[in-house]
Student: 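My questions will all concern the structure given below.
In what follows, every chain begins at residue 1, and chains take the letters A, B, ... in the order their sequences are listed. Note that the structure is a prediction, hence the values are computed from the model and not measured.
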Amino acid sequence: MSSTLLRTTPILRGALRASGAVKPASATFVRGKATLPDLPYDYGALEPHISAKIMELHHSKHHQTYVNGLNSALDTIGEAESKGDFTKAASIAPLLNFHGGGHLNHTLFWENLAPASRDGGGEPDGSLKKAIETDFGSFDSFRKQMNTSLAGIQGSGWAWLVKDKSSGNLGLVTRANQDPVTGQFVPLLGIDAWEHAYYLQYENRKAEYFDAIWNVINWKTVAQRFEKP
Amino acid sequence: MVNIGNIWQYLALQSPLQSLSGDQLNATKMAVTTYTLPQLPYAYDALEPYISSQIMELHHSKHHQAYVTNLNKALESHLAAVAGTDIAGQIALQQAIKFNGGGHINHSLFWQNLAPAGSEEASPSAAKELVSAIEKTWGDFEAFKKAFSAALLGIQGSGWGWLVKDGPQGGLRIVTTKDQDPVVGGEVPVFGVDMWEHAYYLQYLNGKAAYVDNIWNVINWKTAEDRFLGSREDAFSVLKAAL
Ligand SMILES: [Fe+2]
Ligand SMILES: [Fe+2]
(Lines give C-alpha, C1' and ligand atoms only; values in the text may rest on other atoms or scores of the structure.)
(Ligands and ions follow the chains in the order given, each with its own letter.)
Protein backbone atom coordinates (compact mmCIF):
# COMPACT_ATOMS: atom_id res chain seq x y z
CA MET A 1 0.00 0.00 0.00
CA SER A 2 2.66 2.51 0.98
CA SER A 3 4.42 1.98 -2.32
CA THR A 4 1.39 3.19 -4.24
CA LEU A 5 0.84 6.03 -1.84
CA LEU A 6 4.30 7.43 -2.00
CA ARG A 7 6.00 6.46 -5.23
CA THR A 8 9.72 6.29 -4.64
CA THR A 9 12.37 4.20 -6.27
CA PRO A 10 14.28 1.88 -3.92
CA ILE A 11 17.37 4.05 -4.30
CA LEU A 12 15.51 7.21 -3.37
CA ARG A 13 13.93 5.48 -0.44
CA GLY A 14 17.39 4.54 0.74
CA ALA A 15 18.42 8.15 0.36
CA LEU A 16 15.39 9.27 2.27
CA ARG A 17 16.25 7.05 5.22
CA ALA A 18 19.90 8.02 5.22
CA SER A 19 19.38 11.67 4.44
CA GLY A 20 19.52 12.93 8.01
CA ALA A 21 22.88 11.34 8.63
CA VAL A 22 24.89 11.80 5.46
CA LYS A 23 23.48 14.70 3.55
CA PRO A 24 25.49 17.94 3.50
CA ALA A 25 23.49 20.96 4.65
CA SER A 26 23.26 22.40 1.16
CA ALA A 27 21.92 19.26 -0.51
CA THR A 28 18.49 19.25 -2.07
CA PHE A 29 16.11 16.88 -0.36
CA VAL A 30 15.37 14.25 -3.00
CA ARG A 31 12.42 11.98 -2.65
CA GLY A 32 9.21 10.73 -4.23
CA LYS A 33 5.99 12.62 -4.56
CA ALA A 34 2.58 11.43 -3.49
CA THR A 35 0.25 11.19 -6.48
CA LEU A 36 -3.50 10.91 -6.87
CA PRO A 37 -4.38 7.26 -7.53
CA ASP A 38 -6.82 6.47 -10.34
CA LEU A 39 -10.24 5.31 -9.25
CA PRO A 40 -10.79 1.60 -9.95
CA TYR A 41 -14.20 2.51 -11.52
CA ASP A 42 -15.91 5.43 -13.30
CA TYR A 43 -17.22 8.45 -11.45
CA GLY A 44 -20.78 7.36 -12.29
CA ALA A 45 -20.25 3.73 -11.30
CA LEU A 46 -21.60 4.06 -7.76
CA GLU A 47 -24.89 5.64 -8.88
CA PRO A 48 -27.56 5.87 -7.59
CA HIS A 49 -26.00 5.40 -4.15
CA ILE A 50 -23.26 7.98 -4.60
CA SER A 51 -23.71 10.46 -7.43
CA ALA A 52 -21.14 10.95 -10.20
CA LYS A 53 -20.81 14.60 -9.27
CA ILE A 54 -19.90 13.77 -5.68
CA MET A 55 -17.39 11.16 -6.82
CA GLU A 56 -15.75 13.50 -9.30
CA LEU A 57 -15.36 16.38 -6.85
CA HIS A 58 -14.37 14.06 -4.05
CA HIS A 59 -11.63 12.38 -6.05
CA SER A 60 -10.38 15.08 -8.41
CA LYS A 61 -10.66 18.03 -6.03
CA HIS A 62 -10.73 16.93 -2.38
CA HIS A 63 -8.35 14.00 -2.62
CA GLN A 64 -6.08 16.00 -4.96
CA THR A 65 -5.93 18.77 -2.36
CA TYR A 66 -4.71 16.28 0.27
CA VAL A 67 -2.08 14.98 -2.16
CA ASN A 68 -0.88 18.53 -2.85
CA GLY A 69 -0.94 19.39 0.84
CA LEU A 70 1.04 16.28 1.71
CA ASN A 71 3.71 17.06 -0.89
CA SER A 72 3.98 20.63 0.24
CA ALA A 73 4.24 19.55 3.90
CA LEU A 74 6.99 17.09 2.94
CA ASP A 75 8.79 19.82 0.97
CA THR A 76 8.67 22.18 3.92
CA ILE A 77 9.92 19.50 6.29
CA GLY A 78 12.70 18.58 3.85
CA GLU A 79 13.84 22.18 3.51
CA ALA A 80 13.71 22.73 7.25
CA GLU A 81 15.64 19.55 7.85
CA SER A 82 18.31 20.50 5.34
CA LYS A 83 18.81 23.73 7.25
CA GLY A 84 18.87 21.90 10.56
CA ASP A 85 15.72 23.78 11.60
CA PHE A 86 13.98 20.97 13.46
CA THR A 87 11.62 23.32 15.28
CA LYS A 88 10.24 24.34 11.91
CA ALA A 89 10.09 20.71 10.76
CA ALA A 90 8.19 19.70 13.89
CA SER A 91 5.73 22.57 13.46
CA ILE A 92 4.58 20.98 10.19
CA ALA A 93 3.46 17.79 11.97
CA PRO A 94 -0.25 18.76 12.08
CA LEU A 95 -0.26 19.47 8.33
CA LEU A 96 1.53 16.20 7.62
CA ASN A 97 -1.01 14.31 9.74
CA PHE A 98 -3.97 16.08 8.11
CA HIS A 99 -2.94 15.85 4.48
CA GLY A 100 -1.09 12.55 4.80
CA GLY A 101 -4.09 11.11 6.62
CA GLY A 102 -6.45 12.54 3.98
CA HIS A 103 -4.42 10.90 1.21
CA LEU A 104 -4.23 7.56 3.01
CA ASN A 105 -7.88 7.50 4.08
CA HIS A 106 -9.28 8.36 0.66
CA THR A 107 -7.00 5.84 -1.07
CA LEU A 108 -8.30 3.10 1.22
CA PHE A 109 -11.87 4.35 0.79
CA TRP A 110 -11.93 4.22 -3.03
CA GLU A 111 -10.60 0.68 -2.90
CA ASN A 112 -13.16 -0.51 -0.39
CA LEU A 113 -16.01 0.69 -2.62
CA ALA A 114 -17.25 -0.97 -5.82
CA PRO A 115 -20.23 -0.63 -8.17
CA ALA A 116 -23.33 -2.47 -6.94
CA SER A 117 -23.40 -4.22 -10.34
CA ARG A 118 -19.89 -5.61 -9.79
CA ASP A 119 -18.34 -6.43 -6.42
CA GLY A 120 -20.30 -3.88 -4.37
CA GLY A 121 -22.83 -4.65 -1.69
CA GLY A 122 -24.08 -7.91 -0.30
CA GLU A 123 -22.36 -9.55 2.63
CA PRO A 124 -18.86 -10.87 3.24
CA ASP A 125 -18.22 -14.59 3.24
CA GLY A 126 -15.55 -16.98 4.45
CA SER A 127 -13.33 -16.17 7.40
CA LEU A 128 -14.26 -12.48 7.41
CA LYS A 129 -17.95 -13.34 7.72
CA LYS A 130 -17.13 -15.66 10.65
CA ALA A 131 -15.02 -13.04 12.38
CA ILE A 132 -17.76 -10.42 12.02
CA GLU A 133 -20.32 -12.82 13.47
CA THR A 134 -18.02 -13.69 16.36
CA ASP A 135 -17.14 -10.11 17.22
CA PHE A 136 -20.44 -8.35 16.47
CA GLY A 137 -23.06 -11.11 16.89
CA SER A 138 -24.24 -10.93 13.28
CA PHE A 139 -23.60 -9.04 10.06
CA ASP A 140 -26.76 -7.03 10.64
CA SER A 141 -25.68 -6.08 14.11
CA PHE A 142 -22.25 -5.06 12.79
CA ARG A 143 -23.85 -2.83 10.16
CA LYS A 144 -26.09 -1.20 12.75
CA GLN A 145 -23.15 -0.60 15.09
CA MET A 146 -21.08 0.92 12.31
CA ASN A 147 -23.97 3.21 11.34
CA THR A 148 -24.32 4.26 14.97
CA SER A 149 -20.59 5.08 15.04
CA LEU A 150 -20.95 7.10 11.84
CA ALA A 151 -23.99 8.98 13.11
CA GLY A 152 -22.17 9.77 16.36
CA ILE A 153 -19.27 11.59 14.71
CA GLN A 154 -19.42 15.20 15.87
CA GLY A 155 -17.94 17.18 13.02
CA SER A 156 -15.85 15.76 10.20
CA GLY A 157 -14.35 12.30 10.41
CA TRP A 158 -14.34 8.64 9.51
CA ALA A 159 -15.57 5.36 10.93
CA TRP A 160 -13.49 2.21 10.42
CA LEU A 161 -13.83 -1.50 10.82
CA VAL A 162 -10.41 -2.47 12.18
CA LYS A 163 -8.47 -5.54 13.14
CA ASP A 164 -6.47 -5.44 16.35
CA LYS A 165 -2.93 -6.44 15.41
CA SER A 166 -2.23 -8.30 18.61
CA SER A 167 -5.53 -10.05 19.37
CA GLY A 168 -6.77 -10.38 15.79
CA ASN A 169 -10.21 -9.23 16.97
CA LEU A 170 -12.39 -6.91 14.92
CA GLY A 171 -13.59 -3.59 16.27
CA LEU A 172 -15.04 -0.22 15.29
CA VAL A 173 -13.21 3.06 15.70
CA THR A 174 -13.90 6.61 14.64
CA ARG A 175 -11.29 9.18 13.73
CA ALA A 176 -11.68 12.96 13.73
CA ASN A 177 -11.00 14.93 10.55
CA GLN A 178 -8.28 13.08 8.62
CA ASP A 179 -6.54 11.33 11.50
CA PRO A 180 -5.42 8.02 10.03
CA VAL A 181 -5.88 4.63 11.65
CA THR A 182 -2.43 3.71 12.97
CA GLY A 183 -0.80 1.86 15.82
CA GLN A 184 -2.45 -1.31 17.04
CA PHE A 185 -5.18 -1.33 14.38
CA VAL A 186 -5.25 -2.43 10.74
CA PRO A 187 -7.92 -0.49 8.82
CA LEU A 188 -10.21 -2.91 6.93
CA LEU A 189 -13.18 -0.80 5.87
CA GLY A 190 -13.49 2.98 6.04
CA ILE A 191 -16.49 5.23 5.50
CA ASP A 192 -16.02 8.94 4.95
CA ALA A 193 -18.43 10.93 7.13
CA TRP A 194 -17.30 14.38 6.00
CA GLU A 195 -20.18 16.42 4.64
CA HIS A 196 -18.46 16.67 1.23
CA ALA A 197 -18.93 12.87 0.91
CA TYR A 198 -22.71 13.12 0.68
CA TYR A 199 -24.05 16.66 0.89
CA LEU A 200 -24.77 17.32 -2.82
CA GLN A 201 -27.03 14.28 -2.91
CA TYR A 202 -28.28 13.75 0.63
CA GLU A 203 -27.99 17.29 2.10
CA ASN A 204 -28.51 17.13 5.87
CA ARG A 205 -29.99 13.61 5.68
CA LYS A 206 -26.75 11.83 6.45
CA ALA A 207 -28.50 8.72 7.83
CA GLU A 208 -29.71 8.04 4.27
CA TYR A 209 -26.13 8.14 2.99
CA PHE A 210 -24.98 5.81 5.76
CA ASP A 211 -27.75 3.37 4.76
CA ALA A 212 -27.06 3.61 1.02
CA ILE A 213 -23.32 3.10 1.17
CA TRP A 214 -23.72 -0.57 2.12
CA ASN A 215 -24.83 -1.18 -1.48
CA VAL A 216 -21.36 -0.28 -2.73
CA ILE A 217 -19.02 -1.82 -0.14
CA ASN A 218 -16.36 -3.97 -1.77
CA TRP A 219 -16.17 -6.99 0.55
CA LYS A 220 -13.45 -8.60 -1.57
CA THR A 221 -11.10 -5.75 -0.71
CA VAL A 222 -12.11 -5.85 2.94
CA ALA A 223 -11.51 -9.61 3.06
CA GLN A 224 -8.06 -9.20 1.47
CA ARG A 225 -7.10 -6.64 4.08
CA PHE A 226 -8.46 -8.92 6.79
CA GLU A 227 -6.59 -11.99 5.60
CA LYS A 228 -3.28 -10.26 5.01
CA PRO A 229 -0.95 -11.59 7.73
CA MET B 1 -41.72 26.88 27.55
CA VAL B 2 -41.46 23.84 29.74
CA ASN B 3 -42.03 20.51 28.09
CA ILE B 4 -43.40 18.70 31.09
CA GLY B 5 -45.13 15.91 29.20
CA ASN B 6 -41.97 14.37 27.80
CA ILE B 7 -39.94 14.89 30.92
CA TRP B 8 -42.63 13.33 33.02
CA GLN B 9 -42.77 10.29 30.76
CA TYR B 10 -39.03 9.95 30.89
CA LEU B 11 -38.80 10.43 34.63
CA ALA B 12 -41.62 7.98 35.24
CA LEU B 13 -39.43 5.25 33.80
CA GLN B 14 -36.64 5.93 36.28
CA SER B 15 -37.42 3.80 39.33
CA PRO B 16 -35.17 5.69 41.81
CA LEU B 17 -37.46 8.66 41.33
CA GLN B 18 -40.19 6.99 43.29
CA SER B 19 -38.25 7.84 46.41
CA LEU B 20 -38.33 11.55 45.57
CA SER B 21 -40.82 13.68 47.40
CA GLY B 22 -43.46 15.61 45.48
CA ASP B 23 -41.62 18.86 46.13
CA GLN B 24 -38.35 17.52 44.79
CA LEU B 25 -40.04 16.25 41.69
CA ASN B 26 -41.74 19.55 41.16
CA ALA B 27 -38.48 21.42 41.49
CA THR B 28 -36.93 19.08 38.95
CA LYS B 29 -39.68 19.68 36.43
CA MET B 30 -39.47 23.43 36.83
CA ALA B 31 -35.74 23.35 36.09
CA VAL B 32 -36.25 22.08 32.56
CA THR B 33 -35.92 24.64 29.84
CA THR B 34 -36.79 23.80 26.28
CA TYR B 35 -34.70 25.70 23.79
CA THR B 36 -36.29 26.78 20.53
CA LEU B 37 -34.99 27.69 17.10
CA PRO B 38 -34.66 31.48 16.85
CA GLN B 39 -36.17 33.10 13.79
CA LEU B 40 -33.77 34.52 11.24
CA PRO B 41 -33.68 38.33 11.28
CA TYR B 42 -34.02 38.27 7.44
CA ALA B 43 -35.49 36.06 4.71
CA TYR B 44 -33.72 32.92 3.52
CA ASP B 45 -32.82 34.59 0.20
CA ALA B 46 -31.67 37.85 1.78
CA LEU B 47 -27.98 36.95 1.60
CA GLU B 48 -28.05 36.11 -2.11
CA PRO B 49 -25.95 35.94 -4.20
CA TYR B 50 -23.26 35.33 -1.57
CA ILE B 51 -25.11 32.65 0.39
CA SER B 52 -27.85 30.92 -1.52
CA SER B 53 -31.41 30.68 -0.30
CA GLN B 54 -31.20 26.87 -0.39
CA ILE B 55 -28.16 26.85 1.89
CA MET B 56 -29.77 29.27 4.32
CA GLU B 57 -33.00 27.28 4.50
CA LEU B 58 -31.30 23.93 5.13
CA HIS B 59 -28.77 25.47 7.47
CA HIS B 60 -31.39 27.16 9.63
CA SER B 61 -34.42 24.86 9.43
CA LYS B 62 -32.55 21.52 9.41
CA HIS B 63 -29.04 21.86 10.83
CA HIS B 64 -29.70 24.46 13.51
CA GLN B 65 -33.00 22.77 14.35
CA ALA B 66 -31.19 19.45 14.86
CA TYR B 67 -28.82 21.07 17.37
CA VAL B 68 -31.79 22.51 19.26
CA THR B 69 -33.68 19.21 19.23
CA ASN B 70 -30.68 17.18 20.35
CA LEU B 71 -29.74 19.75 23.01
CA ASN B 72 -33.21 19.47 24.50
CA LYS B 73 -33.00 15.67 24.41
CA ALA B 74 -29.60 15.66 26.09
CA LEU B 75 -30.77 18.09 28.77
CA GLU B 76 -33.85 15.97 29.49
CA SER B 77 -31.69 12.88 29.85
CA HIS B 78 -29.27 14.80 32.01
CA LEU B 79 -32.04 15.94 34.28
CA ALA B 80 -33.21 12.37 34.69
CA ALA B 81 -29.64 11.33 35.49
CA VAL B 82 -29.41 14.07 38.12
CA ALA B 83 -32.74 13.08 39.64
CA GLY B 84 -31.66 9.45 39.61
CA THR B 85 -28.27 10.33 41.16
CA ASP B 86 -26.70 8.62 38.16
CA ILE B 87 -23.33 10.35 38.05
CA ALA B 88 -21.97 8.13 35.27
CA GLY B 89 -25.02 8.98 33.17
CA GLN B 90 -24.48 12.69 33.79
CA ILE B 91 -20.85 12.48 32.73
CA ALA B 92 -21.77 10.51 29.62
CA LEU B 93 -24.08 13.34 28.53
CA GLN B 94 -21.52 16.15 28.84
CA GLN B 95 -20.25 15.78 25.29
CA ALA B 96 -23.74 15.76 23.75
CA ILE B 97 -24.62 18.91 25.71
CA LYS B 98 -21.40 20.62 24.67
CA PHE B 99 -21.79 19.68 21.00
CA ASN B 100 -25.47 20.47 20.59
CA GLY B 101 -25.45 23.40 22.98
CA GLY B 102 -22.44 24.76 21.14
CA GLY B 103 -24.22 24.26 17.82
CA HIS B 104 -27.20 26.22 19.13
CA ILE B 105 -25.08 29.05 20.54
CA ASN B 106 -22.81 29.34 17.51
CA HIS B 107 -25.57 29.38 14.92
CA SER B 108 -27.68 31.83 16.95
CA LEU B 109 -24.73 34.23 17.08
CA PHE B 110 -23.93 33.62 13.40
CA TRP B 111 -27.39 34.50 12.03
CA GLN B 112 -27.28 37.75 14.00
CA ASN B 113 -23.86 38.71 12.71
CA LEU B 114 -24.90 38.41 9.05
CA ALA B 115 -26.87 40.97 7.05
CA PRO B 116 -27.98 41.48 3.44
CA ALA B 117 -25.19 42.81 1.22
CA GLY B 118 -25.54 46.50 0.47
CA SER B 119 -27.49 47.21 3.64
CA GLU B 120 -26.24 49.81 6.11
CA GLU B 121 -25.39 47.10 8.62
CA ALA B 122 -23.24 45.27 6.09
CA SER B 123 -20.84 48.19 5.78
CA PRO B 124 -17.84 48.46 8.13
CA SER B 125 -18.80 52.11 8.55
CA ALA B 126 -21.52 50.81 10.89
CA ALA B 127 -18.73 49.78 13.28
CA LYS B 128 -16.60 52.89 13.86
CA GLU B 129 -15.17 51.93 17.25
CA LEU B 130 -14.57 48.33 16.27
CA VAL B 131 -12.88 49.23 13.00
CA SER B 132 -10.58 51.64 14.78
CA ALA B 133 -9.65 48.91 17.29
CA ILE B 134 -9.08 46.51 14.38
CA GLU B 135 -6.79 49.04 12.68
CA LYS B 136 -4.86 49.53 15.90
CA THR B 137 -4.42 45.77 16.29
CA TRP B 138 -3.70 44.67 12.72
CA GLY B 139 -2.31 47.86 11.18
CA ASP B 140 -5.11 48.24 8.69
CA PHE B 141 -8.48 46.76 7.92
CA GLU B 142 -7.27 44.76 4.90
CA ALA B 143 -4.54 43.12 6.96
CA PHE B 144 -7.18 42.02 9.46
CA LYS B 145 -9.38 40.57 6.71
CA LYS B 146 -6.40 38.70 5.35
CA ALA B 147 -5.50 37.29 8.77
CA PHE B 148 -9.09 36.30 9.52
CA SER B 149 -9.53 34.66 6.11
CA ALA B 150 -6.28 32.73 6.53
CA ALA B 151 -7.45 31.50 9.94
CA LEU B 152 -10.74 30.31 8.42
CA LEU B 153 -8.98 28.47 5.61
CA GLY B 154 -6.55 26.88 8.05
CA ILE B 155 -9.30 25.02 9.93
CA GLN B 156 -8.81 21.26 9.48
CA GLY B 157 -12.23 19.66 9.38
CA SER B 158 -15.38 21.29 10.74
CA GLY B 159 -15.20 24.40 12.85
CA TRP B 160 -15.65 28.12 13.25
CA GLY B 161 -13.59 31.28 13.09
CA TRP B 162 -14.32 34.09 15.54
CA LEU B 163 -13.21 37.62 16.18
CA VAL B 164 -13.33 37.93 19.96
CA LYS B 165 -12.70 40.58 22.56
CA ASP B 166 -10.87 39.42 25.66
CA GLY B 167 -13.16 40.63 28.44
CA PRO B 168 -14.57 44.12 28.98
CA GLN B 169 -11.35 46.10 28.41
CA GLY B 170 -9.53 43.42 26.47
CA GLY B 171 -7.93 43.39 23.09
CA LEU B 172 -9.14 41.77 19.90
CA ARG B 173 -8.08 38.32 18.85
CA ILE B 174 -8.88 35.82 16.10
CA VAL B 175 -9.67 32.32 17.33
CA THR B 176 -10.77 29.14 15.62
CA THR B 177 -12.80 26.45 17.33
CA LYS B 178 -13.38 22.88 16.23
CA ASP B 179 -16.71 21.24 15.45
CA GLN B 180 -19.30 23.03 17.61
CA ASP B 181 -17.07 24.01 20.50
CA PRO B 182 -18.55 27.32 21.60
CA VAL B 183 -16.58 30.43 22.50
CA VAL B 184 -17.28 30.02 26.20
CA GLY B 185 -14.21 31.40 27.91
CA GLY B 186 -14.46 34.98 29.12
CA GLU B 187 -14.35 36.31 25.58
CA VAL B 188 -16.99 38.41 23.89
CA PRO B 189 -17.72 36.90 20.46
CA VAL B 190 -17.77 39.86 18.05
CA PHE B 191 -18.60 37.85 14.97
CA GLY B 192 -18.21 34.28 13.79
CA VAL B 193 -18.06 32.42 10.48
CA ASP B 194 -19.25 28.85 10.09
CA MET B 195 -16.66 26.76 8.26
CA TRP B 196 -18.56 23.47 8.25
CA GLU B 197 -18.98 22.23 4.69
CA HIS B 198 -22.77 22.47 5.04
CA ALA B 199 -22.35 26.25 5.28
CA TYR B 200 -21.18 26.59 1.69
CA TYR B 201 -20.98 23.29 -0.18
CA LEU B 202 -24.21 23.45 -2.24
CA GLN B 203 -23.04 26.73 -3.74
CA TYR B 204 -19.24 26.76 -3.56
CA LEU B 205 -18.50 23.01 -3.64
CA ASN B 206 -14.86 22.49 -2.70
CA GLY B 207 -14.12 26.20 -3.37
CA LYS B 208 -14.16 27.33 0.22
CA ALA B 209 -11.78 30.22 -0.49
CA ALA B 210 -14.51 31.83 -2.59
CA TYR B 211 -17.00 31.42 0.26
CA VAL B 212 -14.53 33.10 2.61
CA ASP B 213 -13.99 35.95 0.12
CA ASN B 214 -17.71 36.47 -0.24
CA ILE B 215 -18.66 36.27 3.42
CA TRP B 216 -17.21 39.75 3.89
CA ASN B 217 -20.12 41.13 1.84
CA VAL B 218 -22.66 39.94 4.40
CA ILE B 219 -21.04 40.55 7.79
CA ASN B 220 -23.33 42.57 10.03
CA TRP B 221 -20.99 45.28 11.28
CA LYS B 222 -23.75 46.91 13.31
CA THR B 223 -24.13 43.70 15.35
CA ALA B 224 -20.34 43.39 15.55
CA GLU B 225 -20.04 46.96 16.89
CA ASP B 226 -22.77 46.37 19.48
CA ARG B 227 -21.09 43.20 20.70
CA PHE B 228 -17.69 44.90 20.75
CA LEU B 229 -19.01 47.78 22.85
CA GLY B 230 -21.14 45.57 25.04
CA SER B 231 -20.51 42.77 27.47
CA ARG B 232 -20.52 39.05 27.00
CA GLU B 233 -24.02 39.04 28.50
CA ASP B 234 -25.24 41.39 25.79
CA ALA B 235 -23.86 39.17 23.04
CA PHE B 236 -25.69 36.19 24.45
CA SER B 237 -28.97 38.02 25.00
CA VAL B 238 -30.23 36.59 21.70
CA LEU B 239 -30.07 33.14 23.22
CA LYS B 240 -32.01 34.16 26.29
CA ALA B 241 -34.65 35.78 24.09
CA ALA B 242 -35.05 32.47 22.26
CA LEU B 243 -36.12 30.51 25.34
FE1 LIG C 1 -13.56 12.86 1.84
FE1 LIG D 1 -23.55 25.35 10.52
Side-chain angles (χ1 to χ4, degrees), chain A residues 51 53-70 72-73 91-103 105-106 148 151-158 174-180 192-209, chain B residues 52-71 73-74 92-104 106-107 153-160 176-182 194-211:
Chain A
S51 73
K53 186 160 188 208
I54 287 178
M55 289 303 293
E56 180 167 2
L57 283 162
H58 203 170
H59 177 257
S60 72
K61 303 292 183 186
H62 290 277
H63 191 166
Q64 183 68 62
T65 300
Y66 295 118
V67 168
N68 297 346
L70 170 58
S72 120
S91 75
I92 304 301
L95 284 170
L96 185 63
N97 180 69
F98 182 67
H99 293 286
H103 179 37
N105 291 337
H106 285 91
T148 303
I153 292 171
Q154 297 178 335
S156 300
W158 293 73
T174 59
R175 288 288 179 271
N177 302 324
Q178 296 299 355
D179 289 351
D192 190 344
W194 281 58
E195 290 175 321
H196 66 235
Y198 61 84
Y199 209 83
L200 290 181
Q201 187 174 359
Y202 296 96
E203 299 172 346
N204 62 299
R205 305 178 309 278
K206 60 181 174 180
E208 289 178 27
Y209 159 69
Chain B
S52 75
S53 179
Q54 189 191 12
I55 287 178
M56 289 303 293
E57 183 165 358
L58 282 164
H59 202 170
H60 177 257
S61 73
K62 303 292 184 184
H63 290 277
H64 190 167
Q65 180 65 62
Y67 293 118
V68 170
T69 303
N70 292 326
L71 172 62
K73 270 191 212 159
L93 285 161
Q94 295 303 313
Q95 188 50 35
I97 293 170
K98 183 179 179 186
F99 180 68
N100 293 295
H104 179 39
N106 291 336
H107 286 91
L153 293 173
I155 293 170
Q156 297 180 340
S158 300
W160 292 75
T176 60
T177 52
K178 71 174 174 55
D179 304 327
Q180 293 299 355
D181 289 357
D194 190 345
M195 287 305 290
W196 281 58
E197 290 174 317
H198 66 235
Y200 61 84
Y201 209 84
L202 290 178
Q203 186 175 359
Y204 295 94
L205 307 174
N206 61 301
K208 65 178 170 181
Y211 163 68

Student: Check whether Leu57(A) gets within reach of chain B through its side chain, its backbone, both or neither, counting any heavy atom under 4.5 Å.
Tutor: side chain

Student: Under a 4.5 Å heavy-atom cut-off, does chain B meet the side chain of Gln154(A), its backbone, both or neither?
Tutor: both

Student: Working to the nearest 0.5 Å, report the span between CG of Asp179(B) and CG of Asn177(A).
Tutor: 6.5 Å

Student: Where does His62(A) contact chain B at under 4.5 Å (heavy atoms): side chain, backbone, both or neither?
Tutor: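 Contact with chain B: side chain only.
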
Student: Which answer fits Gln180(B), side chain, backbone, both or neither, if we ask what part of it has an atom under 4.5 Å from a heavy atom of chain A?
Tutor: neither

Student: Where is the tightest heavy-atom contact between Ser158(B) and Ser156(A), given as atom of each residue plus distance?
Tutor: OG-OG, 2.6 Å

Student: Roughly how far apart are Glu203(A) CD and Ile55(B) CD1, rounded to 0.5 Å?
Tutor: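 CD1 of Ile55(B) is found 10.5 Å from CD of Glu203(A).
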
Student: Which atoms form the tightest heavy-atom contact between Glu195(A) and His63(B), and what is the distance?
Tutor: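 Glu195(A) and His63(B) have their closest heavy atoms at OE2-CE1, 3.9 Å.
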
Student: At what distance, to the nearest 0.5 angstrom, does NE2 of His99(A) lie from CD of Gln156(B)?
Tutor: 6.0 Å

Student: Just say parallel, tilted or perpendicular for the rings of His196(A) and Tyr201(B), cut-offs at 30° and 60°.
Tutor: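 Plane angle between 30° and 60°, so tilted.
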
Student: Return the NZ to OG1 distance between Lys208(B) and Thr65(A), rounded to the nearest 0.5 Å.
Tutor: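 So the NZ of Lys208(B) and the OG1 of Thr65(A) are separated by 8.5 Å.
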
